[in-house]
Amino acid sequence: MERPGRLLLLSELRVGNAACDVSLCRSLLTWKRRSSSGPVYHPFRPSVSHSVSVSEIISVREEEESRGRDDGSWKKIKEREGKDCRLAFTVLYVERRQQHRWRCAEVTFTCPEGALRQHWVGSIREQLAAIASRPKHLLVYINPCSGKRKGKRIYEEKVAPLFAQAGVATQVIVTERANYARDHLRTEAELKKFDGVVCVGGDGMFSEIIHGLIWRTQMDGGVDPDSPDEALLPGSLRIGIIPAGSTDCICFATVGANDPVTSALHVIVGDSQPMDVCSVHHNSTFLRYSVSLLGYGFYGDVLTDSERKRWLGPARYDLSGVKMFLTHHYYEGTVSYLPARGIKGTPRDAARCRSGCVVCQHNGEQLSEKPERYEVDEASDSENDSEWRTIRGKFLAINAASMSCACPRSPKGLSPAAHLADGTTDLILVRKCSRFDFLRHLLRHTSKDDQFDLTFVEVHRVRRFRFTPRYCQSNSDLDMRENGKHQLFSQICRDHPACGCAPAYSSWNCDGEILTHTAIDVRVHCQLIKLFARGIEEPMVFEDLPNPCAI
Ligand SMILES: CCCCCCCCCCCCC/C=C/[C@@H](O)[C@H](CO)NC(=O)CCCCCCCCCCCCCCC
Ligand SMILES: Nc1ncnc2c1ncn2[C@@H]1O[C@H](COP(=O)(O)OP(=O)(O)OP(=O)(O)O)[C@@H](O)[C@H]1O
Ligand SMILES: [Ca+2]
């Protein structure tokens, strides 16, 4: 019955009323209905074969006689099949649905005898236990105030039952205030006990988690977070996102859908997706980390305005978006950047970052093999260094997208060809233009047309950039001292649009949080963190299907 190394098990089992050939190869569970004339191939009665990779099996359970006793379903099966239900076992596995959604499907096999059932259940469990990447103990933070305030319910109803079925133990913490999760991770959490951290909420909640984890890792490793030139240490814990926020662009861009069940299943199967993180400094003061959007001008103003409308829930962004579009403020300043060299990919590529992305793999290897080359570039502080480029101008928006920033509002995102883990960010400069032109640019985020193919838009793939607003170019310290004053000034002008004077400063939108400074220094840290995700999967074509085992 066994051929070591290839075929572990091959039996005739029943699925419902049908006799099936069921096999367990090293990595594949396959069941194939037998044709009525026996196991022999019959060209006119093709039998459908189902295959599930063991890596996508969630769990296996032995059916108990008591199961379904209330509705008599087991009794009916027993009567129909004349079999003892104690001979049945059920396999729960990942099933792919439309639009990158995953669901938990199940199939029940009935064995001719109890010993065979034990053999099957034991073998599948043994294989599952051998998958080292699966988390066994997770620390879960729930933001009860995210999005439509449904985070707690989403976790309890959709996610916790799946974790329980998969045998994943959890410690669940419902946050009591903003930054509760960040502070808990920084100081209190016993991280050694866990294989990962899960956040239930939006991009802001994810941001709290990475701030807590990255800070803790640097402190433990003796790295000074205030130094913009120091390489940061990667953490060991993966992060899972159960989407319950207003934008959820990090979940959408790493999984392909904002769906709590899909995300929970990616956690259970132990997926791993590396991700770039930008550190943001003002002079030598650490401000924040960013993984998705750093936006000055339009997206900064949308965020500032939307914070006053939190009670509106996710719709606040659309309302503030329309308002800031009509307001049409532009801002003057200088952007300098270090172009990404020696890497694969450009922001105008047709190819997209997808599961198993070769660009991310290639660039990640390049950067880990030759970090000194980049360190030399980065350590150079001179604006005149030939590597640095400088652009002065009036901008409606300055956006740095470290990933596509795809989200339901814009399924292709701010920078459709950006990569999750290539060590770069796409710097998008939208110069002052008419409202009509800016609308054309914005609309292209929702269509197939190229949002960069406009004379007033430019995009650069960079490893590092700096921004200085016009009125503090001579002395960037001024920015710190003038901060209170400019915020007041901007506030007056925003609140009295009739006065006609445009504010001199916008704010930076850093993954949905407002930064306290306008002059910033941004550096990309390649693959600093890991998520329980695998990147967006390409739809399977016939040739991609796993080969059935050679029996
Ligand atoms: C005419 C339709 C144009 C639609 C253009 C849609 C572009 C949307 C691009 C979304 C990019 C999201 C990037 C992600 C940022 C997250 O780290 C952050 C935290 O969650 N979210 C936001 O800042 C939330 C940012 C939300 C921004 C919403 C902007 C809405 C713009 C509406 C403009 C309307 C013009 C109407 C003219 C009559
Ligand atoms: N218990 C809490 N009470 C109030 N605010 C909280 C609490 N826990 C976390 N927060 C804060 O709530 C803010 C918003 O959270 P979150 O990002 O989860 O939702 P969102 O803003 O609706 O979604 P998105 O960021 O995707 O647009 C975050 O800045 C987070 O720090
Ligand atoms: Ca990137």
Side-chain angles (χ1 to χ4, degrees), residues 141-149 151 173-182 199-209 211 241 243-253 258 274-278 290-295 298-304 306-307 310 313-314 316-326 340 343 345 353 357 359-360 363-364 399-415 418-426 435-436 438-447 451 461-463 509-514 524-527:
Y141 293 99
I142 303 176
N143 178 356
C145 305
S146 300
K148 296 180 182 161
R149 308 178 81 87
I173 296 175
V174 179
T175 62
E176 292 170 14
R177 55 170 172 84
N179 291 325
Y180 186 94
R182 184 201 65 183
C199 63
V200 184
D203 297 322
M205 197 53 197
F206 177 79
S207 178
E208 278 201 30
I209 303 299
H211 278 82
I241 309 174
S246 303
T247 311
D248 297 320
C249 85
I250 300 154
C251 180
F252 197 91
N258 283 345
M275 230 167 79
D276 297 334
V277 176
C278 289
S290 163
V291 291
S292 55
L293 166 68
L294 260 167
F298 182 67
Y299 290 103
D301 294 347
V302 168
L303 182 69
T304 307
S306 70
E307 280 300 296
R310 266 210 167 265
R316 69 190 186 279
Y317 288 132
D318 303 307
L319 204 70
S320 297
V322 173
K323 183 175 160 189
M324 295 331 295
F325 168 77
L326 294 172
I343 52 132
C353 183
C357 175
V359 171
C360 292
N363 295 356
N399 302 323
S402 298
M403 57 167 72
S404 70
C405 294
C407 60
R409 270 187 193 83
S410 168
K412 64 178 185 174
L414 284 178
S415 191
H419 288 270
L420 290 167
D422 67 339
T424 73
T425 187
D426 288 350
R435 276 192 184 83
F436 176 72
F438 189 45
L439 184 60
R440 280 171 67 209
H441 168 65
L442 286 177
L443 278 171
R444 289 187 184 188
H445 289 80
T446 60
S447 73
Q451 62 254 47
R461 190 153 283 181
V462 310
R463 301 238 330 117
N509 173 340
C510 178
D511 292 0
E513 302 294 317
I514 298 165
V524 190
H525 299 264
C526 186
Q527 306 189 358

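Just so you know, ligand 1 is whichever comes first in the structure, and atom 1 is the first atom listed for that ligand. All values below come from the heavy atoms of this structure, side chains included, with hydrogens, waters and symmetry mates left out. For clarity, every value in this text was computed on a predicted model and none was experimentally measured.
- Under the 3.5 Å distance criterion, the side-chain polar atoms of Q451 are left unmatched by any main-chain donor or acceptor of H441.
- Counting only heavy atoms from C-beta outward, the side chains of D511 and F206 never approach each other to under 4.5 Å.
- Residue S292 approaches ligand 1 through these ligand atoms, each under 4.0 Å from one of its heavy atoms: 17 (O).
- Within the 4.5 Å cutoff, the side chain of L414 has heavy atoms near those of the H445 side chain.
- Put simply, the side chain of K412 never gets that close to the backbone of C407: no donor and acceptor are under 3.5 Å apart.
- Among protein heavy atoms, atom 21 (N) of ligand 1 sits closest to T247 OG1, 3.4 Å.
- Within the 4.0 Å heavy-atom shell around ligand 1 one finds C249.
- The single protein non-hydrogen atom nearest to atom 4 (C) of ligand 1 is T446 CG2, 4.0 Å, given as residue, atom name and distance.
- Listed by chain and number, the protein N, O or S atoms at a distance under 3.0 Å from the Ca ion (ligand 3) are D276 OD2, S402 O, H419 O, D422 OD1, T424 O.
- Ligand 1 lies less than 4.0 angstrom from a heavy atom belonging to L443.
- Between the side chains of S246 and R316, at least one donor-acceptor pair of N or O atoms lies under 3.5 Å.
- Side-chain contact between S290 and C510 is present, with heavy atoms from C-beta onward closer than 4.5 Å.
- For the pair M403/I250, a side-chain contact is recorded, criterion being any heavy-atom separation below 4.5 Å from C-beta on.
- Within the 4.0 Å heavy-atom criterion, the part of N509 lying near ligand 1 is the side chain and not the backbone.
- Proximity of a side-chain donor or acceptor of N258 to a complementary backbone N or O of P243 within less than 3.5 Å is not detected.
- At the shortest separation from atom 9 (C) of ligand 1 among protein heavy atoms lies Y299 OH, 3.7 Å.
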Quiz item: Would D318 and R409 satisfy side-chain contact (heavy atoms from CB on, under 4.5 Å), going step by step from the backbone distance to the final call?
Solution: CA-CA 9 Å; D318 303 307; R409 270 187 193 83; 2.9 Å; yes
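- In terms of polar-atom proximity, defined here as any N/O pair under 3.5 Å, D203 does make such a contact with ligand 1.
- In terms of polar-atom proximity, defined here as any N/O pair under 3.5 Å, S410 makes no such contact with ligand 1.
- Checked by atom type and distance alone, the side chain of N143 never pairs as donor or acceptor with a backbone atom of G201 at under 3.5 Å.
- For atom 11 (C) of ligand 1, the nearest non-hydrogen atom of the protein is L414 CG, 3.8 Å.
- Aromatic ring pairs are classed by plane angle as parallel below 30°, tilted from 30° to 60° and perpendicular above 60°; the pair F438 and F325 is parallel.
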Practice problem: Walk me through it: do N399 and L294 pass the test side-chain contact (heavy atoms from CB on, under 4.5 Å)? | Solution: CA-CA 6 Å; N399 302 323; L294 260 167; over 6 Å; no
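- Within a 6.0 Å sphere centred on CZ of R149, other residues, nucleotides and ligands contribute 12 heavy atoms or fewer.
- Of all atoms in ligand 1, numbered sequentially from 1 with element shown, those under 4.0 Å from a heavy atom of G512 are 17 (O), 18 (C), 19 (C).
- Side-chain contact between C199 and E208: absent, with no pair of heavy atoms (C-beta onward) separated by less than 4.5 Å.
- For the pair D248 and ligand 1, the shortest N or O to N or O distance does not fall below 3.5 Å.
- Contact check for C353 versus S404: no side-chain heavy atoms found under the 4.5 Å cut-off.
- Side-chain atoms of S306 come within 3.5 Å of backbone N or O of V302 as a donor-acceptor pair.
- Within 4.0 Å of ligand 2, contacts by protein heavy atoms are made from N143, P144, C145, S146, G147, T175, E176, R177, A178, N179, G201, G202, D203, G204, M205, E208, G245, S246, T247, D248, R310, R316, Y317, E513.
- Among G245, G295, G300, C407, the residue whose heavy atom lies nearest to atom 10 (C) of ligand 1 is C407.
- Among protein heavy atoms, atom 5 (C) of ligand 1 sits closest to L442 O, 3.6 Å.
- The protein heavy atom nearest to atom 34 (C) of ligand 1 is V322 CG2, 4.0 Å.
- Judged by distance alone, the side chains of D276 and S402 never bring a donor and an acceptor atom under 3.5 Å apart.
- The closest heavy-atom contact to atom 31 (C) of ligand 1, among the options G204, G321, P408, A406, comes from G321.
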